[in-house]
Amino acid sequence: MNDESPAHRYTPALAGEIERAWQDRWEERGTFCAPNPTGPWADSAAVGDRPKFMVQDMFPYPSGDGLHVGHPLPFIATDVYARYQRMTGKNVLYTQGFDAFGLPAEQYAVKTGQHPRKTTEDNIATFTRQVRMLGLSHDPRRKVATIDPGFYKWTQWIFTKIWGAWYDEAAGKARPIEDLVAAFETGDVATADGRPWAQLSADEQRAEIDGRRLAYKKEVPVNWAPGLGTVVANEEVTSEGLTERGDMPVFQRNLSQWMMRITAYADRLLDDLDRVDWTESIKVMQRNWIGRSHGASIRFAVDGVADPIEVFTTRPDTIFGTTFMVLAPEHPLVGQLTPDSWPDGTQDAWTGGAATPAEAVSSYRTATSRKSELERQTEDAKAKTGVFTGSFATNPVTGQPIPVFIADYVLMGYGTGAVMAVPAEDARDWDFAKKYDLPYVRTVQPSEGHDEDQPYLGQGAMINSDNDRISLSGKEVEQAKEIVIDFLEREGVGRGTVTYKLRDWLFSRQRYWGEPFPVVYDEAGVAHALPESMLPVELPDVADYSPKTYEPDDADSEPESPLSRATEWVEVELDLGDGPKKYRRETDTMPNWAGSCWYELRYTDPANTERFVDRGCEEYWMGPGRGAGAGVANDPGGVDLYVGGPEHAVLHLLYARFWHKVLFDLGEVTSQEPFRRLFIHGYVQAYAFRDHRGQPVPAAEVVEHGQGKDLTFTWQGQPVTREYGKMGKSLKNVVTPDEMSAEYGADTFRVFEMSMGPLDISRPWETRAVVGSQRFLQRLWRNVVDEESGDLRVVDEAPGEDLKRLLAKTIDGVGRDYEALQFNTAIAKLIELNNAITKELAPPREAVEALVLMTAPVAPHIAEELWSRLGHPETLTYEAFPAADESLLVDDTVTCVVQVQGKVRDRLEVPVSISEADLEAMARESEKVLNALDGKQIRKVIVRAPKLVNIVAG
């Protein structure tokens, strides 16, 4: 502190002392501990009739780098909201946990030799210290971490519930697998081949059951990264076909993996979006990902092949234009479709230069395996490739033979893995047809002037679609679809159906650092889910955390999980109810999505050792018709406010919604959705600087020269260029909350982050602008505390009329802004009121105390300290938010805009009740108006009392 500064000035040093003292006091007194209605934290008196409110941030991952100033933006926002809700009398559940499993910790363990638990717990400690420093009002008892066995015991238990359930389409819900067995026995559910249940062998019965489970194991095409030694999900693959972490090549392989049957819930996941309070853009992203399409399933017969090729199309009306077919290279019929030699009619371009179909197909399949699904979808259209299988299918409507190709732009995971190619009405098929000299037939009349050398993708009447069996020509598209579907169903070669882009969820990872599956295999290879009494299945300590890795381009390699080497853990003897037997544990682990699928439920009752969540706690905090859902028609329940970034707007939300709906169907929860309201926040962005090599240099060390268009930058005396983007370590433009708190105080940092702009908009970081927030808090301090003596400055006299009116408007406006998450405008109103109080020789207590209470959500430490100095012994956390005197919200005067020739020349403060005649007279007498008229004659005056006068002169 400067020796010349007053002894009691609000400085960063004093702010730090105040902040640490109040953080300690909050922790010691359990200030933010929310009572539950039942269980160990039950407090019926504290719960009482108070409305509840649950506010939650998206699960953070505790990075080893700690937080930069962009990370706390949503955390501070939810804290402001939680503090405000407490002041409105609500019982608020607000806490935070850690999504702590995952690849980064495992890779760091491999690199350093430290156990990933050690590094993860160290990261959690750093994260916890930083958020405590910011004064976040989390209930510390409710914190969870996915790596704790007490947490992942219940993740494993939920998996067994999903594994032990099937989706009853007739009932539209999941049911226990025991109900499926009963339905098979009574014949209410038919077996796959129609045989009576009793005629099936034990193995066949097991296969029928396993084939309908919501969690099942299946050989599926996956993204195999030999360089990492693990399978990665689609979302972990870049558009270049490399892994998101490590930039390793990804190959398509068929491997036996655990899957989740999320597709069974596609319709409910879509339809229930209408019941949640989410922004429309996020709902659109979810709808597009699920991708529900109405169309037809059509079977194309192939001579010599027992099974027809089945395709799904949303445009069955274009079937007369089907001139060839394309299958995914992984399609199971490809082997049957591949003859020993090329048939007559094979063009050289179709063979890929191979002597036989088998050689062509094998070579092409190998090449395709070296591409990721994303790469196959985003390749340049003109670069499309494929080879002829050597077989011709029969168009079931025209009877014409059409060649069958394989091509990598068709994916096995979408639809049936086969398409009927209609080049005249599909851009991908058009490009393929042009490249391989395949014909096209237009079936939709193009609009006038359409380029004949391009496909036509628009609407129009059907053409070229007639034979003696069916006539579509002249019909509109929708009518033609109905006719075709009816024809296909009559002929037994197709049916009307619905399909989805959504695919079942790949749930296996060949990693160490993840939740073990609660599954063992008997000596016959049959999977058994472990009973609750044997949970959790804890991770063993292993000497080597890394999966077996290979050369990055070794596409033929096989995954080997680190857990498979822990033989004492893998090979076990258990009694699962029929005597001790030898079993082998599942050595894959769950993806880190698993813990984040249900953590909101655990927040409501984390001390429970008997159940994943007490029924009373879940119903109280998340049940329908409560909190933000009170009085809302068809409310699905869920967290009252969920705040997070757009990067998790699809997959995390879909997966969490799926798990939640299964738990609802099985009677485990009362809420039908996990997150009733969703708010997507913006980001903090910052300038980054690069040297002549294009390498980032430390932004904090860059020197500015000049200004405006002449502004330049140097680093260590050398010119550098400036760019703008997301703050991050890689760009060396990180500013940490530790630095900001040390230099300005945590409250100043909080106020600045919340005042930078609307919460849902990304905003630029500019450290120098923080001084505005600092001055606000220093003025607030001076309004209460004399900087020289430390004495109170407030007096018990009533505020003047003008201040009383401004106070009422501020209370009303700030309350509305807090409720709407518009914290930047709330702070602007607080600053205006604070400045008005500053002009008072003796600040009136009524105005000061109200200001302190309204400031508390954004700057809680200084507010607590001032509240205490104002003579209040208890925390202000549960003080009532000030109420506005509604009689003072009505303006006695308004501002009238006076225009001359359409330009604003003056603003007059006039009574609300002023007459048009008096208002016109005042406008005519205005000195600014007279100057603007400059002697011109007034031709017309338009008066709209009390807010507008428009003078026309000539």
Side-chain angles (χ1 to χ4, degrees), residues 219-221 251-254 297-313 319 321-371 373 376-377 379 381 383-423 426 428-441 493-494 555:
E219 188 164 288
V220 292
F251 303 95
Q252 288 287 294
R253 289 287 305 279
N254 282 333
S297 177
I298 307 175
R299 294 186 291 277
F300 289 74
V302 181
D303 286 342
V305 177
D307 298 315
I309 301 171
E310 187 165 3
V311 305
F312 173 85
T313 176
I319 193 165
T322 302
T323 56
F324 60 99
M325 299 190 74
V326 184
L327 275 59
E330 306 88 353
H331 197 288
L333 287 181
V334 171
Q336 298 180 51
L337 294 170
T338 308
D340 294 333
S341 59
W342 296 115
D344 292 340
T346 300
Q347 298 184 30
D348 290 343
W350 298 359
T351 68
T356 66
E359 180 185 330
V361 167
S362 176
S363 176
Y364 192 81
R365 278 178 146 179
T366 299
T368 300
S369 73
R370 290 180 163 82
K371 299 179 182 180
E373 283 196 4
R376 288 164 64 175
Q377 290 174 281
E379 280 184 326
K384 282 193 169 32
T385 61
V387 293
F388 180 39
T389 63
S391 288
F392 290 84
T394 300
N395 186 319
V397 174
T398 67
Q400 295 297 312
I402 52 177
V404 181
F405 290 78
I406 60 172
D408 59 13
Y409 76 86
V410 178
L411 304 176
M412 194 61 223
Y414 288 93
T416 64
V419 299
M420 54 177 243
V422 185
D426 185 279
R428 297 181 312 165
D429 298 342
W430 178 274
D431 293 329
F432 193 88
K434 284 292 184 181
K435 182 167 184 176
Y436 292 102
D437 195 25
L438 292 158
Y440 71 89
V441 176
V493 291

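Note that the numbering runs from 1 along the sequence shown for the chain.
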Peer 1: Could you tell me whether the side chain of D429 and the main chain of V422 form a donor-acceptor pair under 3.5 Å?
Peer 2: yes
Peer 1: Are N254 and V220 side-chain neighbours, meaning at least one heavy-atom pair lies under 4.5 Å?
Peer 2: no
Peer 1: Test of understanding: with side chain to side chain contact (heavy atoms under 4.5 Å, CB included), list the residues that count as partners of P343, not counting sequence neighbours.
Peer 2: T346, F388, F392
Peer 1: Side-chain contact, heavy-atom cut-off 4.5 Å: T322 with V397?
Peer 2: no
Peer 1: To the nearest 0.5 Å, how far apart are CD1 in I298 and OG1 in T416?
Peer 2: 10.5 Å
Peer 1: Go through R253 and S369 one step at a time and tell me if the side chain to side chain contact (heavy atoms under 4.5 Å, CB included) criterion holds.
Peer 2: CA-CA 7 Å; R253 289 287 305 279; S369 73; 5.6 Å; no
Peer 1: Is any side-chain heavy atom of T394 closer than 4.5 Å to a side-chain heavy atom of V302?
Peer 2: no
Peer 1: Any luck finding a side-chain donor-acceptor pair between T368 and Q252 under 3.5 Å?
Peer 2: no
Peer 1: Do you know the tightest heavy-atom contact between A393 and F300?
Peer 2: CB-CB, 4.1 Å
Peer 1: Main chain of P329, side chain of R365: is a donor-acceptor contact present, judged purely on distance under 3.5 Å?
Peer 2: yes
Peer 1: Which heavy atom of M412 sits nearest a heavy atom of P221, and at what distance?
Peer 2: CB-CG, 4.4 Å
Peer 1: What pair of heavy atoms forms the shortest contact from I309 to M325, and how long is it?
Peer 2: CG2-CE, 3.7 Å
Peer 1: With heavy-atom distances below 4.5 Å as the criterion, would you say the side chains of Y364 and T366 are in contact?
Peer 2: no
Peer 1: So, using side chain to side chain contact (heavy atoms under 4.5 Å, CB included) as the criterion, who are the partners of A433 when residues are at least two apart?
Peer 2: F324, P423, L438
Peer 1: List in chain and number order the residues that pass ring-ring contact (aromatic ring centres under 6.0 Å, His included) with Y440, two or more places apart in sequence or in another chain; answer none if no residue qualifies.
Peer 2: W430
Peer 1: For A358, give me all partners under side chain to side chain contact (heavy atoms under 4.5 Å, CB included), at least two apart in sequence or on another chain.
Peer 2: T338, T356
Peer 1: Using modelled atom types and a 3.5 Å cut-off, is there a donor and acceptor pairing between side-chain atoms of T351 and backbone atoms of Q347?
Peer 2: no
Peer 1: Looking only at the side chains, is there a donor atom on one of T385 and Y409 sitting less than 3.5 Å from an acceptor on the other?
Peer 2: no
Peer 1: Compare every heavy atom of G417 with every heavy atom of H331, then report the nearest pair and how far apart it is.
Peer 2: CD2-O, 3.4 Å
Peer 1: Quick one, R299 and P396 - any side-chain contact, counting heavy atoms below 4.5 Å?
Peer 2: no
Peer 1: Using atom types as modelled and distance alone, determine if a side-chain donor or acceptor of K435 lies under 3.5 Å from a backbone N or O of K384.
Peer 2: yes
Peer 1: Test: salt bridge (Lys or Arg N to Asp or Glu O under 4.0 Å). Region: residues 327-347. Which pairs qualify, not counting sequence neighbours?
Peer 2: E330-R376
Peer 1: In Å and rounded to the nearest 0.5 Å, what is the OG1 to CG distance from T323 to N395?
Peer 2: 9.5 Å
Peer 1: Minimum heavy-atom separation for I406 and V334, please, with both atom names.
Peer 2: CG2-CG2, 3.8 Å
Peer 1: Holding to side chain to side chain contact (heavy atoms under 4.5 Å, CB included), I want the full list of residues that pass it with V410, two or more places apart in sequence or in another chain.
Peer 2: V326, A328, V419
Peer 1: Hey, is the main chain of Y436 close enough, under 3.5 Å, to the side chain of W350 for a donor-acceptor pair?
Peer 2: yes
